[in-house]
Structures are given as C-alpha cells and as structure tokens.
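The structure appears right after this line, and notes come after that.
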Amino acid sequence: MARLILFGPPGAGKGTQAVSLAEDFGIPHISTGDLLRAAIASGSPLGIKVKNFLDQGQLVPDQVVIEMVEERLGQGNVASGWLLDGFPRTIPQAETLEALLEQMGQGCDRVINLQVSEAVLISRMLSRGRPDDTEAIIKERFQVYHQQTEPLLAFYRGRGCLVDIDGDTTIETVSQRIKLALVDLR
Ligand code: ADP
C-alpha cells in the first residue's frame with residue numbers, strides 16, 4: 001500500500017520515475033500532464049479547452065485538473081494506493097486534494113521532491129522535444145513553477161511527509177534513491 005506524490009520542477013524526471021515506481025508498488029500512475037495531453041490528442045471538449053494553456057506553458061485552471069483527479073481517484077483500482085505525478089501544482093489544488101482524501105478516509109504517505117539543477121533541467125527538456133519544450137516556453141514554465149508550485153514544498157514539509165531526493169544523476173540511481181526512501185512502506 002502506498003499513496004505517493006511525485007513532485008519537482010518541469011523536466012525533473014517525474015514521468016520517467018513514476019512509471020517504474022508505480023509498477024514496483026503495483027499502484028496506478030496518475031499523471032495530470034498525460035491526461036491533459038491525451039484529452040488534447042483526442043480532440044475532446046476538455047482537450048480543446050486546455051490546449052492553449054499547455055502550449056503557452058501556463059497552468060490549466062485548478063477546477064479543471066481537480067475535477068480530472070477527483071474522477072480518477074473515484075474509479076475502482078485505487079484501493080492499493082496511487083501515485084500522483086504533476087498534481088498538485090498549486091496551493092488550492094493541494095488543499096482540495098487533502099480535503100478529498102480526508103473524505104475518502106485516506107491520506108498521503110509521502111511526497112517525493114526530485115531536486116535537479118536548472119541547467120540539467122533545461123538540457124533534458126530541450127532534448128525531449130515536446131511541443132512545450134521550446135526555450136521560451138520552458139522559461140515560462142519555470143516562472144510558473146517558482147511562483148505557483150514551489151510554495152507546496154513548505155506546505156508538505158509542514159505535514160512531515162516530504163522527502164528530498166537528489167535527482168541530478170542517472171535514471172537508475174535516482175530510482176534506487178527513491179526506493180530507499182520508501183522501504184518502510186513495503
Ligand atoms: P512537466 O512537469 O515536464 O512540466 P507535465 O506533463 O507534468 O510536464 O505538465 C505539462 C503541462 O500540463 C503543464 O505545463 C500544465 O500546462 C499542464 N498541467 C499538468 N498538471 C497540471 C496541474 N496539476 N495543474 C495545472 N496544469 C497542469
């Protein structure tokens with residue numbers, strides 16, 4: 001049983017780590033970025049509504065992502081836990097998640113904070129080549145991260161569930177470090 005949040009700046013490697021971590025714990029990987037990109041690719045009303053925000057490196061309005069996550073956590077296969085990737089990203093999202101989990105009689109076990117230097121983040125994103133990975137949009141996403149998302153570190157540190165992981169190294173080493181920080185949840 002593990003209820004986990006993977007946290008970090010854009011390009012920190014959340015998605016990469018999330019896939020193996022979710023598999024390892026046998027829990028669903030819930031990525032708001034992936035859900036939003038899938039909605040855009042499908043051309044659904046949700047996708048049409050959110051496309052410009054992603055293209056411009058802005059956050060999608062809280063209400064939209066909150067509804068998406070609420071719906072996902074309301075589905076069946078979350079009894080053994082879950083791994084949230086890219087959510088929450090604002091204080092209102094974190095507060096709503098906390099209230100929602102309380103209603104469900106759940107909590108969050110750990111928030112994993114992937115720490116990576118800005119130079120490494122930029123080179124990783126530029127080599128990834130996603131449509132929102134151009135230099136100008138990356139700059140915008142960093143600004144949004146510092147203004148709206150970074151304050152969550154103090155929020156979760158205050159809850160006593162934050163673990164800092166040095167993510168400035170190879171995928172395998174980061175993965176090992178995360179596993180080590182979660183051994184007590186097994
Ligand atoms: P990265 O962490 O590399 O920026 P993500 O896939 O997590 O990539 O997010 C890509 C984009 O999706 C964000 O820039 C934002 O526009 C949107 N997004 C994802 N999650 C959220 C969220 N929780 N709240 C608002 N917007 C989000």
Side-chain angles (χ1 to χ4, degrees), residues 3-22 28-74 82-101 108 111-153 155-156 164-165 167-168 171 174 178:
R3 295 169 181 141
L4 309 170
I5 294 173
L6 207 46
F7 187 91
K14 297 186 295 289
T16 305
Q17 294 298 332
V19 171
S20 58
L21 191 59
H29 168 209
I30 305 171
S31 159
T32 45
D34 287 352
L35 290 171
L36 291 167
R37 279 185 291 273
I40 292 170
S42 76
S44 68
L46 173 69
I48 292 163
K49 192 156 128 187
V50 300
K51 185 176 185 304
N52 276 344
F53 293 103
L54 274 86
D55 285 349
Q56 289 164 19
Q58 293 295 323
L59 293 185
V60 167
D62 285 337
Q63 205 42 48
V64 176
V65 276
I66 286 168
E67 250 173 58
M68 232 170 51
V69 170
E70 201 170 344
E71 192 188 315
R72 185 62 192 81
L73 287 176
W82 35 260
L83 171 62
L84 284 172
D85 161 11
F87 182 94
R89 242 178 167 98
T90 65
I91 292 284
Q93 289 179 21
E95 285 171 343
T96 308
L97 177 67
E98 199 169 58
L100 181 69
L101 292 177
C108 173
V111 178
I112 302 149
N113 176 31
L114 281 183
Q115 297 176 308
V116 180
S117 67
E118 201 141 310
V120 171
L121 293 173
I122 292 171
S123 77
R124 281 185 191 172
M125 282 191 278
L126 288 176
S127 65
R128 188 166 68 174
R130 229 168 55 189
D132 58 343
D133 283 340
T134 64
E135 256 181 88
I137 304 297
I138 288 173
K139 209 170 147 206
E140 181 63 31
R141 283 159 62 206
F142 275 138
Q143 208 166 357
V144 167
Y145 172 78
H146 290 309
Q147 281 171 1
Q148 302 193 56
T149 307
E150 219 167 24
L152 291 182
L153 289 175
F155 178 95
Y156 283 117
D164 294 315
I165 300 286
D168 225 335
I171 293 174
V174 176
I178 295 175

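Counting starts at 1 for both ligands and their atoms, following the listed order. Only a predicted model underlies this, so the values are computations on that prediction, with no experimental measurement involved.
Of the options Ile165, Asp164, Asp168, a side-chain contact (heavy atoms from CB on, under 4.5 Å) to Leu114 is made by Ile165 and by none of the others.
You'll find the side chain of Phe53 stays beyond 4.5 Å of the side chain of Leu36, heavy atoms only. Side chains of Thr96 and Asp62 form no contact here, defined as non-hydrogen atoms less than 4.5 Å apart.
Remark: the backbone N or O of Leu101 is not paired with any side-chain donor or acceptor of Arg3 at under 3.5 angstrom. Distance alone, capped at 3.5 Å, is enough to place a donor-acceptor pair between the Thr149 side chain and the Arg89 backbone.
Listed by chain and number, Pro10, Gly11, Lys14, Thr32, Gly33, Leu36, Arg37, Leu54, Gln58, Leu59, Val60, Val65, Gly86, Phe87, Arg89, Gln93, Arg128, Arg130, Arg141 each place a non-hydrogen atom less than 4.0 angstrom from ligand 1.
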Exercise for the section: Could you walk me through whether Asp133 and Arg124 pass the salt bridge (Lys or Arg N to Asp or Glu O under 4.0 Å) test, one step at a time? Expected result: CA-CA 9 Å; Asp133 283 340; Arg124 281 185 191 172; over 6 Å; no
